**Student:** 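Sharing a structure, written as structure tokens. Questions coming.
Remember, it's 1-based here, ligands and their atoms both numbered in the order they're listed. Computed from a prediction, not measured in an experiment: that's the story for all the values here.
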Amino acid sequence: MSDRQAGLHDLLATTPVVPVLAIDAVGTALPLARALVAGGLPVLEITLRTPAALEIIRAIGGEVGAVVGAGTVLTPEQYRDAVRAGARFVVSPGATPALLDVAGASSVPFLPGAGTSSEVMRLLERGYGCLKFFPAEPSGGVAYLQALAAPLPGARFCPTGGIDAARAPAYLALPNVVCIGGSWVAPRDLVAAGDWPAITRLARAAAALRPAPETRP
Ligand code: 3PG
């Protein structure tokens, strides 16, 4: 693992859960980020699924004491935009040669997505030992990740996609899982209602989850 990727691993290892957020407005993003940080989840992924995402990354990065990454980054241009907006890490549901080229030349670390053993192997070959396992539940969930541990001992995962509070502990118990990602800590109805105390309670419960001991390969 390169120093840059080891740094990403160590950042992700500071938190059991990374909230994956698709937010429409900066006015919502700031209190939401504050609620999550107050609950003990300081590492946030802002997905580029809304027109306001880059502005939100800029705003949260400067304000609330969170470490903000950009998610759903699909193109080299989006990678560069995310870096310019101040993203501290970049996440994609997959990986393409073009994205890997940009990531390789960037000082901002990349968490590429993989869903099969061949995808994991190709990313290991390129020096990526810390990967997003996506979409976790439809791809086989805990049993699948567990089955990858013995043949692919160099890979560590942040699984996301379909994980909720009930499923989270089984993922975190796996030795090849660094942390998990998900949107369940910021449900749309609570965000729409501006119920920040309820989101802080969800974050607090997620922050209390404990991953398996030291996972860096
Ligand atoms: C992602 O982008 O990582 C996922 O969409 C998050 O998945 P979830 O909404 O099922 O938690």
Side-chain angles (χ1 to χ4, degrees), residues 8-9 11-13 15-24 28-29 32-33 35-36 39 41-54 56-57 60 66-75 78-79 81-82 85 87-96 99 103 109-116 119-120 123 128 130-145 155-172 174 176-192 198-199 201-203 205-207 209 211:
L8 175 62
H9 173 282
L11 169 67
L12 296 176
T15 186
V17 175
V18 176
V20 177
L21 307 170
I23 317 167
D24 293 317
T28 307
L32 171 58
L36 291 165
L41 298 179
V43 182
L44 308 178
E45 177 184 330
I46 306 298
T47 61
L48 303 195
R49 296 184 201 166
T50 65
L54 291 170
I56 287 168
I57 290 169
I60 299 180
V67 179
V68 182
T72 321
V73 171
L74 306 179
T75 66
Q78 287 179 322
Y79 201 115
D81 287 346
R88 302 269 295 277
F89 59 95
V90 170
V91 187
S92 179
T96 65
L99 265 182
F110 184 39
L111 183 70
T116 67
E119 289 168 5
V120 174
L123 288 164
Y128 292 92
C130 196
L131 311 170
K132 169 172 166 132
F133 176 59
F134 181 82
E137 279 292 303
S139 300
V142 168
Y144 192 98
L145 270 181
R156 295 292 178 273
F157 297 96
C158 173
T160 78
I163 303 178
D164 57 17
R167 293 184 171 99
Y171 281 96
L172 287 167
L174 297 176
N176 58 350
V177 166
V178 181
C179 66
I180 57 184
S183 58
W184 86 89
V185 286
R188 281 200 169 272
D189 56 337
L190 294 184
V191 174
I199 288 176
R201 283 194 293 277
L202 287 173
L209 295 168

**Student:** Within this structure, what is the OG1-CG distance for the pair Thr28 and Asp24, rounded to the nearest 0.5 Å?
**Tutor:**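 Rounded to the nearest 0.5 Å, the OG1-CG separation comes out at 7.0 Å.
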**Student:** Strictly under 4.0 Å, does any heavy atom of Gly162 approach an atom of ligand 1?
**Tutor:**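 Yes.
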**Student:** Is it true that Gly161 lies under 4.0 Å from ligand 1, counting heavy atoms only?
**Tutor:**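 Yes, Gly161 has heavy atoms under 4.0 Å from ligand 1.
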**Student:** Heavy atom of Lys132 under 4.0 Å from ligand 1?
**Tutor:**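 Heavy atoms of Lys132 do come under 4.0 Å of ligand 1.
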**Student:** State the atoms of ligand 1, each with its element, that fall below the 4.0 Å cut-off from a heavy-atom position in Gly182.
**Tutor:**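 This gives 11 (O) as the contact atoms.
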**Student:** With respect to atom 11 (O) of ligand 1, which of Ala22, Gly181, Ser183 exhibits the smallest heavy-atom separation?
**Tutor:**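 That would be Ser183.
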**Student:** Using non-hydrogen atoms of the residue, decide whether Thr47 is closer than 4.0 angstrom to ligand 1.
**Tutor:**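 Distance cut 4.0 Å: Thr47 fails for ligand 1.
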**Student:** Under a 4.0 angstrom heavy-atom cut-off, which atoms of ligand 1 come close to Phe134?
**Tutor:**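 Every atom of ligand 1 under 4.0 Å from some heavy atom of Phe134: 1 (C), 4 (C).
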**Student:** Between Phe133 and Tyr144, does the ring centroid distance fall short of 6.0 Å?
**Tutor:**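 Between Tyr144 and Phe133, which both carry aromatic rings, the centre distance is below 6.0 Å.
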**Student:** For residues Cys179 and Val18, determine if any side-chain heavy atom of one lies less than 4.5 Å from a side-chain heavy atom of the other.
**Tutor:**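 Cys179 vs Val18: side chains touch.
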**Student:** Looking only at atom types and distance, does a side-chain atom of Ser92 sit under 3.5 Å from a main-chain N or O of Pro112, one as donor and one as acceptor?
**Tutor:**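 Not confirmed, Ser92 side chain does not pair with Pro112 backbone.
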**Student:** Would you mind finding which of Arg49, Glu45, Glu137 brings a heavy atom closest to atom 5 (O) of ligand 1?
**Tutor:**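 Going through Arg49, Glu45, Glu137 one by one, Arg49 has the nearest heavy atom to atom 5 (O) of ligand 1.
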**Student:** About how many Å separate OG1 of Thr15 and CG of Leu36, when rounded to the nearest 0.5 Å?
**Tutor:**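 Rounded to the nearest 0.5 Å, the CG-OG1 separation comes to 10.0 Å.
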**Student:** With a 3.5 Å cut-off and no angle check, do the side chains of Lys132 and Thr160 form a donor-acceptor pair?
**Tutor:**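 Side chains of Lys132 and Thr160: pair found under 3.5 Å.
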**Student:** With rounding to the nearest 0.5 Å, note down the distance linking CD1 in Ile60 to CG in Leu32.
**Tutor:**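 Separation between the atoms: 7.0 Å.
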**Student:** Show which atoms of ligand 1 fall inside a sub-4.0 Å distance from at least one heavy-atom site of Thr160.
**Tutor:**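 Every atom of ligand 1 under 4.0 Å from some heavy atom of Thr160: 1 (C), 3 (O).
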**Student:** What is the nearest protein non-hydrogen atom to atom 6 (C) of ligand 1, stated with its residue, atom name and distance?
**Tutor:**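 Heavy-atom neighbour on the protein nearest atom 6 (C) of ligand 1: Val20 CG1, 4.0 Å.
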